[in-house]
Student: 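The following block contains the structure, expressed as structure tokens.
The analysis underlying the following values was restricted to heavy atoms, covering all of them including side chains, and did not include hydrogens, waters or symmetry mates. Values in this document were obtained by computation on a predicted structure and should not be read as measured data. Each chain gets a letter, A, B and so on, in the order the sequences are listed, and its residues count up from 1.
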Amino acid sequence: MSIAIAPIAKIETLPPDIIVKSNPKKTLYIQLTCMVKQPMTTAEPQDMIQLPRTSESDQLKRIRHTASHVMAMAVQRLFPKAQVTIGPWTETGFYYDFDNPEPFSEKDLKAIKKEMDKIIKQKQPVIREEVSREEAQRRIKELGEPYKLEILDDIKTEPITIYHLGETWWDLCAGPHIENTSELNPKAIDIESVAGAYWRGDEKRQQLQRIYATAWETPEQLKEYKRRKAEALKRDHRKLGKELGLFVFSDPVGPGLPLWTPKGTIIRSTLEDFLKQEQIKRGYLPVVTPHIARVDLFKVSGHWQNYQEDMFPMMAETPEAAAKERGFVLKPMNCPFHIQIYKNELRSYRDLPMRLAEFGTVYRYEQSGELGGLTRVRGFTVDDSHLFVTPDQLDGEFLSVVDLILEVFNSLQLKQFKARLSFRDPESDKYIGSEDAWNKAENAIRRAVQTLEMDYFEAPGEAAFYGPKLDFIFRDVLDREWQLGTVQVDYNLPERFELEYTAEDGSRQRPVMIHRAPFGSLERLIGILIEQYAGDFPLWLAPIQMRLMSVNDEFLGYAKDVAAQLRAVGVRAEVDTSGDRLGKMIRNAEKGKIPVMAILGGKEVESNSLSIRTRAQGELGAIPVAEVVEKMKGAIANRTDF
RNA sequence: GCCGAUGUAGCUCAGUGGUAGAGCACUCGAUUCGUAAUCGAGCGGUCAGGGGUUCAAAUCCCCUCAUCGGCUCCA
């Protein structure tokens, strides 16, 4: 079979992520992300000052390596009991992890910065030395720093390089460094924050104190970096969501359980309607399933065994039932429900592919420290669909799902993302199913991204326990990465639930499942969208699309009349009846980020027109009402601007 | 879950042991106004919740809850 894939609109991937994580498991991930096929550039606004990225600037690497040593030296001068561990650069700065009996306070950070400035002024030379493994071990033992011994064990090559800072302080380091601390500018360095971090990223091990800091070539770069950070904070979806009244969290309801206000709900349902339309075009079938089910359902799927800790506790009618694990649970996934619908009838190959789709709300008991805004919540809605396909249909269906997802991103102007092939970790035993099934599934995904000529990277160990995934990763304003869309190939759940269809020759065959969600989570998507648009939703998504303002209340009747005409054709229009002066009404509409404003007075009433002002373009002058109605209708339908 | 910080009116915030404040929002009154803030008055608080110290606690101490920054986790 062949499938038509629409040409993919220009897609920019995020630049490779080279932030070094303390978790050794993630080292591989870091290296692989560097291998994105074509290095892409970030869409930088026309800023006066270009900020270099550490990964692209040898000089910044040197500055940050040395600055981290200066910081570690300062800490050990002020806190003699502090042990040093690792201190890598990141894309925007560097950090250093210390084992200190007491956590560092804000005051300590200031003192550390002062001490750093002192060290820099002392013009300490940075001297590279190569030593043998034995010599390195001897010196570490002399110092009494056990963490360094562990680090040494990880360094596989010889000789071992040591960097000295002045006469007494040194650290294991691969470099490169600058030659003298006098090359650092204290005014281009800043200590930012302190946080706990586990040694080697392992929560069972010692928790260290991580100090985050940043260092630049010039004070101007530091200033610009801080300006951008402050700028980014303004578009934080938690801040904008509150200001624009899109959603709220309420203590009595509980953490991680967002309440959607009317304005936020309009955005939600508009997104839902948009995707439902796309799905109808592609032969999806709508289903609805309940929020709870017997725990047994999730025992068959394996979720109970794998994720019991992360599910809301089971509801049982009696203590006896609870003891026997007989009860109901809030669903953490929709797939077992859709599987039951599939199983309700004996399916023929003629029924396949069968694409069951639902906006299904799931509940997961996320760790308290993980909750945050809309990006990580305990109750969220997945634009979930499960495709039951014959093995022959797998490739074609997979491609058409990815095509849909890219189409969705394109419509939402989500242009920057990374495509991650989340495969199994060959070392781990948490995965169910046969080697053969996994290979088939992983190859299907690889074939798809290669057919589509997408930029992608492979991430071993990131697969779901039942199958590999193609994940679409986006960044928030604080540069944190979040998974939105996902497509998963699954041979295992059909096996566990004993799914079948009757083939052409009359034999019983097992279907393959594709799990897919373009949005991933409606909550997370809207969080990302708010930040992406900085609250300025495109016209078709804007909760209020037009506000009409009368220069005085003499013409309110006309305003209400026109608003009714607009609403009659599906435009979300409203009238400002506050009685405020025009300037104030405009200010309020601008602050509310309403895309189109219509001002009217005697002149407009006389000519049956509206004076249009858009947020994007400002004053457009008087336009006849009929034309405004048509333009609004057209722009909303075509998802364009007024 | 772990480390740290924070929690005062609907919102943004001031108030370091001695009578709870400001701006905006809201309500009322006046103003009828042409492209980002008209003027005036009024309403509004168990200072997150609970316990303790003190003659006296928003303020000091303890516990709980929530939020924020990290770490860990993420079907």
Side-chain angles (χ1 to χ4, degrees), chain A residues 21-23 25-26 95 97 102-106 108-109 192-212 236 238-239 242-243 245 248-252 254-256 298 301-311 331-336 362 364-373 375-376 382 422 430 462-467 469 471 478 480 482-483 486 488 490 493 515 521 524 549-556 578-591 597-604 611-613 615 618-621:
Chain A
K21 302 269 182 180
S22 56
N23 185 341
K25 273 189 291 186
K26 292 199 175 154
Y95 64 82
D97 288 352
E102 297 292 319
F104 300 115
S105 67
E106 292 290 318
D108 295 337
L109 296 188
E192 300 187 282
S193 61
V194 59
Y198 300 107
W199 171 232
R200 323 226 95 192
D202 183 345
E203 64 179 329
K204 290 179 193 75
R205 304 194 67 176
Q206 179 72 27
Q207 188 158 53
L208 309 169
Q209 296 295 316
R210 173 170 299 176
I211 301 179
Y212 282 96
D236 188 313
R238 293 165 295 196
K239 186 178 157 70
K242 196 184 270 185
E243 282 170 8
V248 284
F249 288 91
S250 129
D251 254 26
F298 294 100
S301 69
H303 290 106
W304 183 254
Q305 295 85 320
N306 277 281
Y307 294 104
Q308 190 181 339
E309 294 286 291
D310 307 304
M311 287 164 69
K331 66 173 170 185
M333 291 283 278
N334 296 304
C335 30
V362 298
R364 299 179 184 176
Y365 193 80
E366 304 285 4
Q367 296 184 59
S368 57
E370 267 311 331
L371 300 172
T375 41
R376 196 81 184 266
V382 186
S422 302
K430 75 168 189 180
E462 294 289 324
F465 71 90
Y466 52 77
K469 312 185 286 172
D471 296 320
L478 296 177
R480 297 180 291 204
W482 302 99
Q483 176 191 312
T486 179
Q488 309 172 5
D490 179 10
L493 290 184
H515 307 237
S521 142
R524 181 174 287 176
M549 305 164 215
S550 173
V551 294
N552 65 48
D553 33 5
E554 189 183 332
F555 309 112
L556 268 180
S578 65
D580 285 329
R581 293 189 177 188
L582 183 59
K584 182 67 172 290
M585 287 192 275
I586 288 169
R587 180 180 154 82
N588 285 338
E590 292 282 359
K591 280 197 343 188
M597 286 157 263
I599 288 115
L600 55 100
K603 282 179 278 178
E604 287 76 15
S611 173
I612 297 295
R613 172 189 170 115
R615 242 178 93 67
E619 283 183 64
L620 299 182

Student: Round to a whole Å and report the spacing from CD of A:Glu366 to C1' of B:rC2.
Tutor: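 The answer, rounded to whole Å, is 17 Å.
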Student: To the nearest Å, how far apart are A:Asp553 CG and B:rC33 C1'?
Tutor: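 That distance rounds to 10 Å.
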Student: Measuring to OP1 and OP2 of B:rG70, would you say a side-chain N or O of A:Arg480 lies under 4.0 angstrom away?
Tutor: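 So the side-chain polar atoms of A:Arg480 do come within 4.0 Å of the phosphate oxygens OP1 or OP2 of B:rG70, strictly under.
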Student: Can you figure out which of B:rC71, B:rC73, B:rA75 approaches the side chain of A:Tyr198 most closely?
Tutor: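 Shortest atom-to-atom distance from the side chain points to B:rC71.
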Student: Could you tell me how far B:rU16 sits from B:rU59 if I compare only their C1' atoms? Round to whole Å.
Tutor: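 That atom pair is separated by 6 Å.
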Student: By nearest atom, which of the nucleotides B:rC74, B:rG34, B:rA75 is closest to the A:Lys603 side chain?
Tutor: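 The answer is B:rG34.
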Student: Considering every strand shown, what is the Watson-Crick or G-U wobble mate of B:rC11 when both distances are under 3.5 Å?
Tutor: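 By the stated definition (distances under 3.5 Å), B:rG23 pairs with B:rC11.
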Student: Counting only side-chain N and O atoms of A:Tyr212, is one of them less than 4.0 Å from OP1 or OP2 of B:rC3?
Tutor: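 No, because none of the side-chain N or O atoms of A:Tyr212 sits under 4.0 Å from OP1 or OP2 of B:rC3.
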Student: Are side-chain heavy atoms of A:Lys469 and A:His515 found at a separation under 4.5 Å?
Tutor: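 No. Closest side-chain heavy atoms not under 4.5 Å.
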Student: When you compare B:rC26 with B:rU35, how far apart are their C1' atoms, in angstrom units rounded to a whole number?
Tutor: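 That atom pair is separated by 26 Å.
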Student: Nearest to the side chain of A:Gln367, heavy atoms from C-beta on, is which of B:rA75, B:rC73, B:rA36?
Tutor: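 The closest nucleotide is B:rC73.
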Student: Is there a side-chain polar atom (N or O) of A:Lys239 under 4.0 Å from OP1 or OP2 of B:rC11?
Tutor: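 No, A:Lys239 has no side-chain N/O under 4.0 Å of OP1/OP2 on B:rC11.
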Student: Ignoring hydrogens and geometry beyond distance, is the side chain of A:Arg524 in donor-acceptor contact with the base of B:rC74 at under 3.5 Å?
Tutor: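 Such a pair does not exist between side chain and base.
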Student: Identify whether any heavy atom of A:Phe104 sits under 4.0 Å from a base atom; if not, whether one sits that close to sugar-phosphate; answer base, sugar-phosphate or nothing.
Tutor: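 Since no nucleic acid heavy atom lies under 4.0 Å of A:Phe104, the category is nothing.
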Student: Do A:Cys335 and A:His303 come within less than 4.5 Å of each other through their side chains, counting heavy atoms only?
Tutor: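 Yes, their side chains come closer than 4.5 Å.
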Student: Roughly, in whole Å, what's the span from CG in A:Asp202 to P in B:rC71?
Tutor: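 Whole-Å distance recorded here is 15 Å.
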Student: By nearest heavy atom, map A:Gly583 and A:Lys242 onto RNA chain B; which one lands nearer the 5' end?
Tutor: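 Going by which nucleotide is closer to the 5' end, it is A:Lys242.
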Student: Is any side-chain N or O of A:Arg200 closer than 4.0 Å to OP1 or OP2 of B:rC71?
Tutor: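 No, no such contact exists.
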Student: Closer than 4.0 Å, any side-chain N/O of A:Lys584 to the OP1 or OP2 of B:rA25?
Tutor: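 Indeed, a polar side-chain atom of A:Lys584 lies that close.
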Student: Counting any heavy atom closer than 4.0 Å, what does A:Gln308 reach on the DNA or RNA strands: base, sugar-phosphate only, or nothing?
Tutor: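 Touches nothing.
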Student: Can you find an N or O donor on one side and an acceptor on the other, under 3.5 Å apart, linking the side chain of A:Tyr365 with the base of B:rG1?
Tutor: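 No pair found.
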Student: Measuring from the side chain of A:Ala197 (C-beta onward, heavy atoms only), which nucleotide among B:rA75, B:rC71, B:rA25 has the closest atom?
Tutor: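 Selected nucleotide: B:rC71.
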Student: Counting C-beta onward and ignoring hydrogens, is there a side-chain heavy-atom pair between A:Tyr198 and A:Lys204 closer than 4.5 Å?
Tutor: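 No, every pair of side-chain atoms sits at 4.5 Å or beyond.
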Student: For B:rA48, give the paired nucleotide (Watson-Crick: N1-N3 plus N6-O4 or O6-N4; G-U: N1-O2 and O6-N3; both under 3.5 Å), or none.
Tutor: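 Base partner found: B:rU64.
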Student: Is it the case that more than 12 heavy atoms not belonging to A:Glu106 sit under 6.0 Å from its CD atom?
Tutor: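 It does not: A:Glu106 CD has 12 such atoms or fewer within range.
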Student: Determine if A:Tyr307 stacks with B:rA75; use a centre-to-centre distance below 5.5 Å and an interplanar angle below 30° as the criteria.
Tutor: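 One would call A:Tyr307 stacked on the B:rA75 base.
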Student: Return the pairing partner of B:rC55 with a 3.5 Å limit on both distances, Watson-Crick or G-U wobble; otherwise return none.
Tutor: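 Matched B:rC55 with B:rG18 under the 3.5 Å cut-off.
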Student: Could you tell me how far B:rC13 sits from B:rG7 if I compare only their P atoms? Round to whole Å.
Tutor: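 My reading of the P atoms in B:rG7 and B:rC13 gives 11 Å.
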Student: When you match A:Lys469 and A:Ser368 each to their closest nucleotide on RNA chain B, which lands nearer the 5' end?
Tutor: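 Between the two, 5'-proximity favours A:Ser368.
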Student: If B:rU38 has a Watson-Crick or G-U wobble mate with both distances under 3.5 Å, name it; if not, just say none.
Tutor: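 Partner of B:rU38: B:rA30.
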Student: What integer number of Å spans the C1' atoms of B:rU31 and B:rU46?
Tutor: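 After rounding to an integer number of Å, I get 40 Å for this pair.
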Student: Return yes if some donor-acceptor pair links the side-chain N/O of A:Arg364 with the main-chain N/O of A:Pro332 below 3.5 Å, else return no.
Tutor: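 Yes.
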Student: Please measure how far the C1' atom in B:rU19 lies from the corresponding atom in B:rU64, and state the result in whole Å.
Tutor: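 That atom pair is separated by 31 Å.
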Student: Please classify the nucleic acid contact of A:Asp580 as base, sugar-phosphate, or nothing, using heavy-atom distances under 4.0 Å.
Tutor: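 Result for A:Asp580 = nothing.
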Student: Which part of the nucleic acid, if any, lies within reach of A:Glu106 when heavy atoms closer than 4.0 Å are counted: base, sugar-phosphate only, or nothing?
Tutor: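 Here A:Glu106 touches no strand at all.
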Student: Within the side chain of A:Arg376, is there an N or O that forms a donor-acceptor pair under 3.5 Å with the backbone of A:Leu371?
Tutor: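 It does not hold such a pair.
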Student: Could you tell me how far apart A:Met549 (CE) and B:rA37 (C1') are, to the nearest whole angstrom?
Tutor: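 Roughly 14 Å, once rounded to whole Å.
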Student: For A:Gly254, report the nucleic acid contact type (base, sugar-phosphate, nothing); a contact means any heavy atom under 4.0 Å.
Tutor: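 It contacts nothing in the nucleic acid.
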Student: From CZ of A:Arg581 over to P of B:rG34, roughly how many Å is that when rounded to an integer?
Tutor: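 In whole Å, B:rG34 P and A:Arg581 CZ are 8 Å from each other.
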Student: Tell me: CG of A:Leu208 to P of B:rC3, nearest whole Å?
Tutor: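 Atom CG in A:Leu208 sits about 13 Å away from atom P in B:rC3.
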Student: Could you check whether atom OH of A:Tyr365 has more than 12 heavy atoms from other residues, nucleotides or ligands sitting under 6.0 Å from it?
Tutor: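 Atom OH in A:Tyr365 is not packed in, count stays at 12 or less.
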Student: Quick one: A:Glu203 CD to B:rC3 P, roughly how many Å, whole number?
Tutor: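 That distance rounds to 12 Å.
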Student: Just to be sure I understand the rule, does A:Gly618 reach a base, reach only the sugar-phosphate, or reach nothing, if contact means heavy atoms closer than 4.0 Å?
Tutor: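 No contact at all - A:Gly618 keeps every heavy atom at 4.0 Å or more from the nucleic acid.
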Student: For A:Pro103, answer base if it contacts any base atom (sugar-phosphate contacts may also be present), sugar-phosphate if it contacts only those atoms, and nothing otherwise; contact means non-hydrogen atoms under 4.0 Å.
Tutor: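 Answer is sugar-phosphate: A:Pro103 comes under 4.0 Å of backbone atoms only.
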Student: Which one is paired to B:rC43, where only Watson-Crick or G-U wobble pairs with both distances under 3.5 angstrom count?
Tutor: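 B:rC43 is unpaired by these criteria.
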Student: Check whether any side-chain heavy atom of A:Phe298 sits under 4.5 Å from a side-chain heavy atom of A:Lys331, and report yes or no.
Tutor: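 SC-SC contact between A:Phe298 and A:Lys331 confirmed.
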Student: Checking all strands, does A:Gly369 fall into the base, sugar-phosphate, or nothing category for heavy-atom contacts under 4.0 angstrom?
Tutor: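 The residue A:Gly369 makes base contact.
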Student: Determine the Euclidean distance between corresponding C1' atoms of B:rC47 and B:rU6; express it in Å to zero decimal places.
Tutor: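 Approximately 14 Å lies between the C1' atom of B:rU6 and that of B:rC47.
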Student: Partner of B:rC71 by Watson-Crick or G-U wobble geometry, both contacts under 3.5 Å, or none?
Tutor: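 Paired with B:rC71, as far as the under-3.5 Å criterion goes, is B:rG1.
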Student: Measure the shortest side-chain to side-chain distance between A:Lys591 and A:Glu243 over non-hydrogen atoms and say whether it is less than 4.5 angstrom.
Tutor: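 Counting from C-beta outward, A:Lys591 and A:Glu243 never come under 4.5 Å.
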Student: Take atom C1' in B:rG44 and the same atom in B:rC28, then report the distance between them in whole Å.
Tutor: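 The same atom, C1', in both gives a distance of 15 Å.
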Student: Heavy atoms under 4.0 Å, any strand shown: does A:Gly579 hit a base, just sugar-phosphate, or nothing?
Tutor: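 Since a base atom lies under 4.0 Å of A:Gly579, the category is base.
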Student: Roughly how far apart, to the nearest Å, are B:rA25 and B:rC11 at atom P?
Tutor: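 The same atom, P, in both gives a distance of 15 Å.
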Student: Given B:rU12, B:rA66, B:rU32, identify the nucleotide with an atom nearest to the side chain of A:Asp251.
Tutor: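 Ranking B:rU12, B:rA66, B:rU32 by closest atom to the A:Asp251 side chain puts B:rA66 first.
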Student: Is there side-chain contact between A:Tyr466 and A:Gln488, with at least one heavy-atom pair below 4.5 Å?
Tutor: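 SC-SC contact between A:Tyr466 and A:Gln488 confirmed.
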Student: Side-chain N or O of A:Arg238 versus OP1/OP2 of B:rG69: is the shortest distance under 4.0 Å?
Tutor: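 Yes, within the criterion.
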Student: Between B:rG34, B:rA37, B:rC2, which one does the side chain of A:Gln207 approach most closely?
Tutor: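 Of the options given, the side chain of A:Gln207 lies nearest B:rC2.
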Student: Could you tell me whether A:Ser105 contacts a base, only the sugar-phosphate backbone, or nothing, with contacts defined as non-hydrogen atoms closer than 4.0 Å?
Tutor: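 It contacts nothing in the nucleic acid.
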Student: Any side-chain N or O of A:Arg364 less than 4.0 Å from the OP1 or OP2 oxygen of B:rC74?
Tutor: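 For B:rC74, OP1/OP2 do not have a side-chain N/O of A:Arg364 under 4.0 Å.
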Student: The side chain of A:Leu478 lies closest to which of these nucleotides: B:rC73, B:rC3, B:rG69?
Tutor: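 Nearest nucleotide to the side chain: B:rG69.
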Student: Between A:Ser193 and B:rG70, is there a side-chain N or O to OP1/OP2 distance below 4.0 Å?
Tutor: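 A:Ser193 to B:rG70 OP1/OP2: no side-chain N or O under 4.0 Å.
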Student: How many Å lie between CZ on A:Arg587 and P on B:rU38, as a whole number?
Tutor: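 Those two atoms, CZ and P, are 9 Å apart.
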Student: Describe the nucleic acid contact of A:Leu371 in one word from base, sugar-phosphate, nothing, applying a heavy-atom distance below 4.0 Å.
Tutor: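 Sugar-phosphate only.
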